[in-house]
Amino acid sequence: LKRIMRLKETIKLVKKALKHPEMYNEEELHYMRQAKREAKAKLKLKQLRKLQNDCKTDSDNTKT
């Protein structure tokens with residue numbers, strides 16, 4: 001899947017927008033909070049996968 005925005009960029013933009021809640025209605029605020037939560041979860045998952053792959057690669061290199 002192609003992502004239009006990177007996850008960190010999404011989180012940063014939503015945080016910035018949430019500092020001005022008076023500019024948005026409740027539905028928009030709800031959507032932004034949800035988007036931030038999902039982006040954080042996906043970023044954490046991505047980081048864990050990367051860490052797991054790095055560890056797997058390191059152990060493969062030491063066996064040979």
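The structure presented is a predicted model; accordingly, all values stated were derived computationally and were not measured. Count residues from 1 along the sequence. Values below: every heavy atom of this structure, side chains too, minus hydrogens, waters and symmetry copies.
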Residue pair Lys8 / Leu43, side-chain heavy-atom distance below 4.5 Å:
yes
Side chains of Leu45 and Arg49: closer than 4.5 Å at any heavy-atom pair?
yes
Exceeds 12 heavy-atom contacts within 6.0 angstrom, atom OH of Tyr31:
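Atom OH in Tyr31 is not packed in, count stays at 12 or less.
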If only atom types and distance count, is the side chain of Glu28 paired as donor or acceptor with the main-chain N or O of Asn25 below 3.5 Å?
yes
Nearest-0.5 Å distance that lies between atom NZ in Lys12 and atom CG in Leu7
13.5 Å
If you round to the nearest 0.5 Å, how far is CG of Leu13 from NZ of Lys36?
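One finds 12.5 Å between NZ of Lys36 and CG of Leu13.
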Do you know the tightest heavy-atom contact between Ile11 and Ala39?
CG1-CB, 3.7 Å
Looking only at non-hydrogen atoms, find the nearest pair between Met32 and Val14 and report the distance.
O-CG1, 3.3 Å
Before giving the answer on side-chain contact (heavy atoms from CB on, under 4.5 Å), spell out for Leu18 and Arg33 the whole-Å C-alpha distance, their side-chain angles and the decisive distance to 0.1 Å.
CA-CA 8 Å; Leu18 289 173; Arg33 288 185 192 109; 4.1 Å; yes
